[in-house]
J.: 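Sharing a structure with you now.
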Number of protein chains: 2
Amino acid sequence: MSGNWRPPSSTDVARAAGVSQSAVSRAFTPGARIAEATRAKVMAAAEALGYRPNLLPKILQTNRSGIVAVVVGGFYNPYFAMTLEAFSLALTAAGRQMLLVRVDSDRVLDGVVDQLAGYRVDAVVSALALTSQDAADQLAKLRIPIVTLNSDLAGDWIRSVSSDNFAAGEAAARLLHARGGTRFGFVAGPADSPAQVAREAGFAQGLASLGLPPAVRAGGGYDYASGEAAARALFAGPERPDAVFCANDLAAFGVIDTLREAFDLKVPDDVLVVGYDNLDMAAWAPYRLTSFDQDVEALVEAAMALLSVEAGATCVARTVPSQLVERESTRRR
Amino acid sequence: MSGNWRPPSSTDVARAAGVSQSAVSRAFTPGARIAEATRAKVMAAAEALGYRPNLLPKILQTNRSGIVAVVVGGFYNPYFAMTLEAFSLALTAAGRQMLLVRVDSDRVLDGVVDQLAGYRVDAVVSALALTSQDAADQLAKLRIPIVTLNSDLAGDWIRSVSSDNFAAGEAAARLLHARGGTRFGFVAGPADSPAQVAREAGFAQGLASLGLPPAVRAGGGYDYASGEAAARALFAGPERPDAVFCANDLAAFGVIDTLREAFDLKVPDDVLVVGYDNLDMAAWAPYRLTSFDQDVEALVEAAMALLSVEAGATCVARTVPSQLVERESTRRR
DNA sequence: CTGGCGAGTGAATAGCTATGCACGCATTCG
DNA sequence: CGAATGCGTGCATAGCTATTCACTCGCCAG
């Protein structure tokens, strides 16, 4: 009964309205030349049949689907939620749709590339640094523009947007020094994250240019558990840091909780802590964490601009400054 | 130069390989009748040209795109992130793609429905209760199945999956009573959320069947700030509750922080607190919040099953039990 | 009165793939 | 040796819309 049902086509509407298929198409095309009376007839018939124009034939001809694929590696970090939210709003405002692709690793992305190409997505946004050069090259061969966030890929069809991780690292060093820190610690994110590398390098550079000793290092992940583990490692010995810069907020929360629970240390009285991302939670009472706001709005705006750039354009990389938001966790001692 | 470039078609590959277009199609169709030698020739040519089969013509004929639209109202609540994560995995495993649609209100969904229909999405999953009956009816007219989570819509093309909110409310009442609570408080979510209503009703029923006085009520949102405000309201008077059930974890965090900061009350020593959703954060040191795990896996599995159900089927609503995870915040006094 | 013009309409077509149908060829069986 | 079977291939077509082209008709200006 409903097995072979198919949605009404423009031809069906045309038959019902007693006009040609072209007329129906024109009725739904803004600015097309059509008499008001005809348009009204068509609209009435369309309404009665529940007709919605099929977008696929247009896509088939133009190879422009209006769909942007957003590739993420998981949602455990609320930072991705912020980014997705902003992207979603921007894409909707631009009249485009978001195809969300979650991948565990490059290998899986490879498998999905075929599908993305098959759907003729207009572009790919990689919210993660996990898109490998290999996968990027593959997309480039298909002439699908790719915008990466906080990565360091390069290529003809690759544009990238980064927050100014290096400068933020420097700023963190200056801030911790100004607030009375003397022995510095750094809680690292995953080694394969360019953002992590830049933040660490900036922090080291900042300490060096102030004539301060380098930071003790621990960690290796962007999640809460990594922060816990890093804190245990950093504060196990006798020479405990009194100022810690964490590669992101989630790790910072783990650090703070561990300092309190396992070492009975107070923030900021015993240890100053700075994070990165400025999650909503950073403002919550147990943390009141000083952090760097990536200015997701600006990041996404830049990414959207790069999406529409032609291939071979000159400006293919943008850096968005991140803003320091100081809270209780770096109150001067 | 690159303005009129178009991706290679099966015809291009056929020409390059010296075979017919049909042969190319068959080479990419598993189980099709084709000689191994021919397949090899085709694959070599396809590789050289960077050919990927265009999925659109198939969709055009079958009206099945393999795309499922997921409608959400925002990402501020990490619970949505959990749900998205699980859905994403399930859809990928089923070889389908996820079109993520973020809407502010029903009105916006109405506007997007045309597009969804135009792309011939196979189904719509509404992760929010914000899909109105009106929008649902509209989708039904288009014969697009819709699966709603924790909502109470009804109709021919609507299936729904809910966690057992009522039972959880009852369980919360029993638990708080068993742990020594005597004066009960309820921190409500938004009034238009069926989940909120069911949780509150279950809690009330639970208290009543134990012969306990009804709970004092405050709140009206699922976010942290609502929890803060609710706590201020509940604990302003002289008759302070000593056991609070919150409609979700995020609000519970706001409650706990406010109890500590503004009222100098300890959890669980002075007040027992129970939340709902079992976010990752519920396990963190400052909270150690007793909560109900919605079993997102099961929820999504049920939703996936309902996606493929035929219209007019009998089983169109499922309830998934949520599991109590007890932590420090309800330690017996 | 006629040529021209503009508005409105219908017919035809491109865009790409999967698949049913028919055909050729080789192999096997009676 | 003839017939039948089955494999492999090519041809033709459906699916739906936007757009181009050609055509008609009414109207105005010369």
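Each chain gets a letter, A, B and so on, in the order its sequence line appears, and its residues count up from 1.
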J.: Tell me if the side-chain of B:Thr11 makes a donor-acceptor pair with the base of C:dC16, cut-off 3.5 Å, by modelled atom types.
T.: no
J.: Under the side chain to side chain donor-acceptor pair (under 3.5 Å) criterion, do A:Arg6 and B:Asn63 qualify, and how do the steps go?
T.: CA-CA 8 Å; A:Arg6 70 175 170 72; B:Asn63 287 310; over 6 Å; no
J.: Taking any heavy-atom pair under 4.0 Å as a contact, classify B:Val24: base, sugar-phosphate, or nothing.
T.: nothing
J.: Counting the atoms with a prime plus P, OP1 and OP2 as sugar-phosphate, which does B:Thr62 contact under 4.0 Å by heavy atoms, base, sugar-phosphate, or nothing?
T.: nothing
J.: Would you call A:Asp122-A:Arg120 a salt bridge at under 4.0 Å N-O?
T.: no
J.: Both conditions, 6.0 Å and 45 degrees, for the charged tip of B:Arg143 above the ring of A:Trp5: are they met here?
T.: yes
J.: Establish, yes or no, whether a centroid distance under 6.0 Å links the rings of A:Tyr51 and A:Phe28.
T.: yes
J.: Distance check needed: D:dT17 P versus B:Tyr119 OH, whole Å only.
T.: 15 Å
J.: Name the nucleic acid region contacted by B:Arg26, choosing base, sugar-phosphate or nothing; use a 4.0 angstrom heavy-atom cut-off, strictly under.
T.: base
J.: Closest-nucleotide mapping onto DNA chain C: is A:Ser20 or B:Asn54 further toward the 5' terminus? I mean the 5' end.
T.: A:Ser20
J.: Could you tell me whether the side chain of A:Ser10 has a donor or acceptor atom within less than 3.5 Å of a complementary atom in the base of D:dA18?
T.: no
J.: Base of C:dA14, side chain of A:Gln61 - is there a donor-acceptor contact under 3.5 Å?
T.: yes
J.: Reckon B:Ser9 touches a base, only the sugar-phosphate, or nothing at all at heavy-atom distances under 4.0 Å?
T.: sugar-phosphate
